[in-house]
Protein chains: 2
Amino acid sequence: MTNVMTSVPPVPERTEKQRLSAQDWELAALELMAEEGVAAVAVESLARRLGVTKGSFYWHFSHRDALIEAALRRWEDTDTHNLLARVESIENPGKRLRELFRLTSREMRSHKIYAALLKAADHPVVAPVMDRVSHERMAYLARVFQQAGMDHESAEHRARLAYSAYVGLLQLTLQLRSSRLSSEVFDAYVGHMIDTLIPAE
Amino acid sequence: MTNVMTSVPPVPERTEKQRLSAQDWELAALELMAEEGVAAVAVESLARRLGVTKGSFYWHFSHRDALIEAALRRWEDTDTHNLLARVESIENPGKRLRELFRLTSREMRSHKIYAALLKAADHPVVAPVMDRVSHERMAYLARVFQQAGMDHESAEHRARLAYSAYVGLLQLTLQLRSSRLSSEVFDAYVGHMIDTLIPAE
DNA sequence: AGCTGTCAATACGCTTGCGTATGGATAACT
DNA sequence: AGTTATCCATACGCAAGCGTATTGACAGCT
């Protein structure tokens, strides 16, 4: 068969204004969530943001929660795994933890979404996602702490403590406007945290 | 003067149904906030809860935010000082911190309100209260850490770390339903936290 | 007994947000 | 070129929530 159909993709011209896909809505929802929280993800305001009306939305999704759910699925799939993949190669558990902490203290984008979800953890669609993500992350931390030489129970507790410190710092810096630190102080704090929570080699 | 007026207070009979004062509204608002968050403090639903209509509310308060503000003022006045007063007598800084952590890990009531306020930290009335309270508490912690022998900078960092751990644990246990611990594990965790964050005597 | 101040009920208007119904427009296929 | 599938606009109904206006009920004082 001379398969002409699959030769050149249509190239939809992307002239700034095109019809939307479900994915466009999901990405826009995540963006809005990061900036203004889950509550701000309203179909009519989102539609305005995208230059359409809600007639469009209800073609792609049956109701608001379906959008939230799809957006969160997307976030959950890409987010955690991305981060962990970047430290997987480090053999020494202590070094891996240190690097993980340092990396985490940077890229704010993902954390804004996490913080927004935390605020909306009573939402029935959000709750299970947060449960899964938080537990996975703490379990991972616990494993590495154990690899770094701690006994099982201590590693579990230390993982919880470290993760609490992460969540707490997130709240303090993102929620409380006045608690924002200069980058020097912030780096020094991260250093202190690492020294306090990660066993010396 | 034979001061009859101040002799016996009227004793308003409190037969379950009485007219309401502003204070009644404030206490009810705090209660609702603790249970269902700041967003749930709506005048009409609160009124239903109190067995009146909003005609009553708008006599006592000019608008919703005035109630929030009054309720928070009440909370701020009583809350922090209550806790600190109970450990003030302990001379040894390390012991004082340990006792403070242990006490804090109990009385959930006040923490539910703190968590609810954290979720609503973008609210213009809530934000300054949270800023004040959080800073006061961290400053207090920093002072005590310094008294316990740490240098100024380390004490600041450690205070932030400890407070982050507090806030984070609050989120994990109150927001994430599945992260709730049995009381034995919880106590063990608090012990681990104390050992990790408070310098040995 | 009557007046006045205090607290509350009712009715209304306004806004935001969800979801439905229906018709119009455009791209894609045949 | 015509048909079909896709995507979107418009108009509507409904509920929750804020705030206003008006009237009513009752207590305390004179």
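Naming: A, B, ... by sequence-line order, numbering from 1 per chain.
R177(B) places no side-chain N or O within donor-acceptor distance of the main-chain N or O of D131(A), the cut-off being under 3.5 Å. A donor-acceptor pair under 3.5 Å links the side-chain atoms of N82(A) to the main chain of T78(A), judged by distance alone. Side-chain atoms of H123(B) do not come within 3.5 Å of backbone N or O of V38(B) as any donor-acceptor pair. Checking side-chain atoms of D24(A) against main-chain N and O of S21(A) turns up a donor-acceptor pair under 3.5 Å. Side chain of R158(A) to main chain of L197(A): a donor-acceptor pair is present (N/O by atom type, distance under 3.5 Å, no hydrogens or angles). Under a 3.5 Å cut-off, the side chain of R96(B) and the backbone N or O of E88(B) do not form any donor-acceptor pair.
Using a cut-off of 4.0 Å between Lys/Arg side-chain N and Asp/Glu carboxylate O, R102(A) and D187(A) are scored as not salt-bridged. Ion pairing between E31(B) and R109(B) holds under the 4.0 Å rule for side-chain N and carboxylate O.
Of all nucleotides in DNA chain D, those with any atom nearer than 4.0 Å to a heavy atom of chain A start and finish, going 5' to 3', at dT6(D) to dA11(D).
For D195(A), the salt bridge (Lys or Arg N to Asp or Glu O under 4.0 Å) criterion is met by no residue, not counting sequence neighbours.
Counting heavy atoms from C-beta on, the side chains of L161(A) and T196(B) come closer than 4.5 Å. Residues L118(A) and V126(A) have side chains not in contact (no heavy-atom distance under 4.5 Å, counting atoms from C-beta outward).
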- Item | Canonical and wobble pairing (Watson-Crick, G-U, under 3.5 Å) of DNA chain D, dot-bracket with | | ||||||||||||||||||||||||||||||

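When rounded to the nearest whole Å, the span between CD1 of I68(A) and C1' of dC18(C) equals 13 Å.
Applying the ring-ring contact (aromatic ring centres under 6.0 Å, His included) test to residues at least two apart or on different chains, the pairs with a partner in residues 147-188 of chain A are H111(A)-Y166(A), Y114(A)-Y166(A), H157(A)-H192(B), Y163(A)-Y166(A).
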- Task: Classify every nucleotide of nucleotides 6-13 of chain C by which part a protein heavy atom approaches to under 4.0 Å, writing B for the base, S for the sugar-phosphate alone and - for neither, in 5'-to-3' order.
- Result: BBBBBB--

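The stretch residues 119-127 of chain B has no heavy atom under 4.0 angstrom from DNA chain C at all.
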